[in-house]
**Q** 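Take this structure first; my questions come after.
Note that the coordinates shown come from a computational prediction; the quantities given were computed from them, not determined experimentally. Quick note: residue numbers are just sequence positions, from 1.
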Amino acid sequence: SIAVSTEGTGYIGAPLVRISGGTGSFNKTDLGVLELAGTTGNTFTGGFQVSDGTVLLNKTAGSDTTGGGTAVTVGDNVNAAGTALLKLGQNSQIKDTATVTVNSDGRFDLNGLTETIGAIAGTGNIETRAGTLTVRGTASTSPFSGTGLGLAMVRSIITQMGGNIDCVSVPGQGTTFTISLPCTQA
């Protein structure tokens, strides 16, 4: 099982938590904001998921806020777009071998900070805000940076045209974007 202990008082009077030991998973399932802060990393080894609401990762940089597992999931493909948010409050909050999946109702906000992960997948939104997301592959490291609006704008334009865009990312092999547009006769 997962043990939860408080490390002080966070903003809006919410307790800051430390999750230690066990193989269970972390899953935030309701609205509101949960801030994970402090100086000690979380040591559970199961998955880390934000199904709904916001989780602010705000522990000391490099302290494995999302635990020792390698699966981080934002959104559960059930709610409206953007209803599940994983937001950085400090650099280096996620294990650098983790696969981060941002589902259609998920948002991953770097908040202008720096994060390194093992792989990324999904159809949700990633906002960098001039931060840097580095995705490690077996052969190289690929940095992504910018405002986080480019792909969202592309998706919006393609959808308005009646098409769709799909993204598949395979660790060590790269990422493929497939754009499908309706064909009409001139």
**Q** What is the minimum heavy-atom distance between Thr83 and Asp52, and which atoms define it?
**A**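 Closest pair (atom of Thr83, atom of Asp52, distance): O-OD1, 3.2 Å.
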**Q** Show, in sequence, the C-alpha distance, side-chain angles and deciding distance for Lys59 and Gln90, and conclude whether the side-chain contact (heavy atoms from CB on, under 4.5 Å) test is met.
**A** CA-CA 7 Å; Lys59 287 188 175 277; Gln90 298 285 330; over 6 Å; no
**Q** Could you measure the distance from the CG atom of Leu85 to the CZ atom of Phe108? Nearest 0.5 Å is fine.
**A**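 So the gap between those two atoms works out to 10.0 Å.
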**Q** Might you point out which heavy atoms bring Gly131 and Leu110 nearest each other, and give the distance in Å?
**A**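 Nearest heavy atoms, Gly131 then Leu110: C-CD1, 4.5 Å.
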**Q** Are Val100 and Phe48 close enough, and set up right, to give a side-chain contact (heavy atoms from CB on, under 4.5 Å), and what steps lead you there?
**A** CA-CA 10 Å; Val100 177; Phe48 185 96; over 6 Å; no
**Q** Whether the Thr73 and Gln49 side chains hold a donor-acceptor pair (N or O, under 3.5 Å, no angle test) is what I'd like checked.
**A**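 No - no donor-acceptor pair under 3.5 Å links their side chains.
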**Q** OG1/Thr66 to CG/Leu86 distance, rounded to the nearest 0.5 angstrom?
**A**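 If I round to the nearest 0.5 Å, the distance is 8.0 Å.
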**Q** I need the Asp96 CG to Thr134 OG1 distance, nearest 0.5 Å.
**A**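 That separation rounds to 10.0 Å.
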**Q** Got a second to check how far Leu88's CG is from Leu133's CG, nearest 0.5 Å?
**A**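 Leu88 atom CG to Leu133 atom CG measures 9.0 Å (nearest 0.5 Å).
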**Q** Testing the basics here: between Val78 and Asp105, what is the closest heavy-atom pair and its distance to 0.1 Å?
**A**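 Shortest heavy-atom separation between Val78 and Asp105 comes out as N-OD2, 3.5 Å.
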**Q** Which heavy-atom pair separates Pro182 from Met161 by the least distance, and what is that distance?
**A**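 Closest heavy-atom pair between Pro182 and Met161: CG-O, 3.2 Å.
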**Q** Does the side-chain contact (heavy atoms from CB on, under 4.5 Å) test come out yes or no for Thr159 and Asn164, once each step is laid out?
**A** CA-CA 6 Å; Thr159 302; Asn164 62 44; 6.0 Å; no
**Q** Any side-chain heavy atom of Val74 within less than 4.5 Å of one from Asn103?
**A**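 The answer is no, as the side chains (C-beta and beyond) never meet within the 4.5 Å cut-off.
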**Q** Show me the pairs that pass salt bridge (Lys or Arg N to Asp or Glu O under 4.0 Å) and involve residues 109-125, at least two apart or across chains.
**A**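 Salt bridge (Lys or Arg N to Asp or Glu O under 4.0 Å) check on residues 109-125 returns Asp109-Arg129.
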